[in-house]
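Heads up, the thing below is written out as structure tokens.
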Amino acid sequence: MELDERKEKILKAIIQTYLETGEPVGSRTISKYSDLNLSSATIRNEMSDLEELGYIIQPHTSAGRIPSDKGYRFYVDQVIREKDSEIKETQELMIKRVDRLELLLKQLAQILAKSTNYTALIGGPGYHQSKLKFIQLSRVEEKKLLVVIVVEGNIIRNSFVTLEEGLSDEEILNMNILLNNSLNGLTIEEINLGIITKLKEQAGSHRKVVDLVLSEVSEAIQAQDEDLQIYTSGATNIFKYPELSDTEKASGLLNTLEQKELLKGLFEEQSQNEDPGADPGTGIQVYIGDELPVQTMKDCSVVTANYTLGGGLRGTIGIVGPKRMDYEKVVSTLRSLLTQLNETFKNDER
């Protein structure tokens, strides 16, 4: 008899809980921690079936259940399948070169939270050192242009500029050619006075358009640098750990995970560490309890690492869990991810 999805989830919850506590597991415990939304009575019936099938045993009368050898075998085989699937999913995600970097980071956060069973945070990369990839001017109204700025990593920013006088289609085309020929492949720091002066000379009577576009490029990059995006996944995983799950602690921690400014200091401190691009195994930092700059995280540990996406794009990954987190597993998972990112985007630049 094959296990249906509900029995599989209950069996997995029993085994995971027993591995964490070392105590026989009862139906009430499973009803609190599983996502099945089933009553204790229903779970007891399912546990009886699992016992008859030989997946769990009851060591003492009126006690909870513990896994049998058959149950452990099911769990190990399932974990191996899930890990193989996660690796394949990550590789496929990298190969696709997701056009929108935001989507890539959100999906990576989900994968990390699922594979570690903790909370994953990924800070969007700063790209003030990155190269301009493309600038596109398009007419919206007679004297208004849409400016589309694309930076390496396919980060896109849109803005509008208002002109003193309108431009013809041919003039807009010529400005697009001039701007892209002059600025593509340069970082914001490389757009110096000499380049700007030459660009304005070539623009002739449309030199004010150059000023407006350069201002939008600068503001877009500065705004992105200041407005740190943090992608979070697995926040509710904290409820799986008793030392973090009481109402006051859990509420404070969940609130912290939603407050970007509270996390910014931690991410900025990590981002100043040595670039791990040459060796993806370096740059990993562990912060335990009072070492964290955020008061509401004093009962937690946070493992952080820098990631690079090529072309100067760089950000920070964080894994949040209890102080008794499986550090070896978390560090190993981060190193594996950093290696995949490094190899993928290094190849992408060739």
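Numbers here are sequence positions counted from 1.
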For residues Asn184 and Ile135, report the shortest heavy-atom separation together with the two atoms involved. OD1-N, 4.4 Å
Check whether any side-chain heavy atom of Tyr327 sits under 4.5 Å from a side-chain heavy atom of Val286, and report yes or no. yes
Closest non-hydrogen atom pair between Ile30 and Val25, with its separation: CD1-CG1, 3.5 Å
Kindly indicate whether the side chain of Ser182, heavy atoms from C-beta on, has any atom under 4.5 Å from the side chain of Leu178. yes
N/O donor-acceptor pair under 3.5 Å between Ser115 side chain and Ile111 backbone: yes
Cationic N near anionic O, under 4.0 Å, Lys12 to Glu8: no
Take a 6.0 Å sphere around NZ of Lys70 and say whether it holds more than 12 heavy atoms from other residues, nucleotides or ligands. yes
What are the two closest heavy atoms between Gly64 and Gln58, and how far apart are they? O-CG, 3.8 Å
In terms of ring plane angle, is the pair Tyr55 and Phe74 parallel, tilted or perpendicular, where the classes change at 30° and 60°? perpendicular
Separation of Lys9 NZ from Ile14 CD1 (nearest 0.5 Å): 14.5 Å
Would you mind reporting whether Leu199 and Leu179 have side-chain heavy atoms less than 4.5 Å apart? yes
Under a 4.5 Å cut-off applied to non-hydrogen side-chain atoms, are Val213 and Val161 in contact? no
Looking only at atom types and distance, does a side-chain atom of Ser332 sit under 3.5 Å from a main-chain N or O of Glu328, one as donor and one as acceptor? no
Basic-acidic side-chain contact under 4.0 Å: Glu243, Arg324: yes
pair Leu112-Leu121: side-chain heavy atoms closer than 4.5 Å: no
Would Val330 end up clustered with Ile288 when hydrophobic side chains under 4.5 Å apart are linked, directly or stepwise? yes
Arg73 with Asp69: basic N within carboxylate O range, under 4.0 Å: no
If every non-hydrogen atom of Ala203 is compared with every non-hydrogen atom of Met175, which pair is closest and at what distance? CB-SD, 4.4 Å
Going by atom types only, do Thr256 and Thr296 share a side-chain donor-acceptor pair under 3.5 Å? yes
Go through it in stages, so that I can follow the logic: the residues are Phe239 and Leu244, the test is side-chain contact (heavy atoms from CB on, under 4.5 Å), and I'd like the CA-CA distance, side-chain angles, deciding distance and then a yes or no. CA-CA 7 Å; Phe239 293 109; Leu244 301 178; over 6 Å; no
State whether the side chain of Gln78 and the backbone N or O of Tyr75 hold a donor-acceptor pair below 3.5 Å, judged by distance alone. no
So CG of Leu253 and NZ of Lys298: to nearest 0.5 Å the spacing works out to 12.5 Å
Does either side chain, that of Thr333 or that of Ser336, offer a donor lying less than 3.5 Å from an acceptor on the other one? no
Thinking salt bridges, do Lys143 and Glu165 make one under a 4.0 Å N-O criterion? no
Test item: Asn180 side-chain N/O and Asn176 main-chain N/O as donor-acceptor pair under 3.5 Å: yes
Give the C-alpha distance, both sets of side-chain angles, the deciding distance and a yes or no for side-chain contact (heavy atoms from CB on, under 4.5 Å) between Ser138 and Gln136. CA-CA 7 Å; Ser138 303; Gln136 176 69 47; 3.8 Å; yes
Gap between atom CD1 of Ile66 and atom CD1 of Ile15 - 0.5 Å precision: 11.0 Å
Distance, nearest 0.5 Å, that separates NZ of Lys249 from OH of Tyr241: 15.5 Å
Glu164 bridged to Lys208 by N-O distance under 4.0 Å: yes
Quick one: are Ser31 and Ser39 in side-chain contact, heavy atoms under 4.5 Å? no
Side-chain heavy atoms nearer than 4.5 Å, only ILVMFWY residues, links allowed to pass through others: does that put Leu146 and Phe134 together? yes
When rounded to the nearest 0.5 angstrom, what distance separates OH in Tyr307 from CG in Leu337? 10.0 Å
Can you give me the closest heavy-atom contact between Ser301 and Met325, atom names plus distance? O-CE, 3.4 Å
Could you walk me through whether Glu258 and Thr232 pass the side-chain contact (heavy atoms from CB on, under 4.5 Å) test, one step at a time? CA-CA 8 Å; Glu258 295 177 356; Thr232 306; over 6 Å; no
Please determine whether side-chain contact (heavy atoms from CB on, under 4.5 Å) holds for the pair Leu108 and Leu341, giving the CA-CA distance in whole Å, both sets of side-chain angles, and the decisive distance to 0.1 Å. CA-CA 11 Å; Leu108 287 178; Leu341 285 171; 4.2 Å; yes
Shortest non-hydrogen contact from Ala113 toward Asn237: O-ND2, 3.7 Å
As an exercise, state the distance from CG of Leu137 to CG of Leu212, rounded to the nearest 0.5 Å. 10.0 Å
Hey, does Ser27 have a side-chain heavy atom less than 4.5 Å from the side chain of Met47? yes
Any non-hydrogen side-chain atom of Thr197 less than 4.5 Å from a side-chain atom of Lys200? no
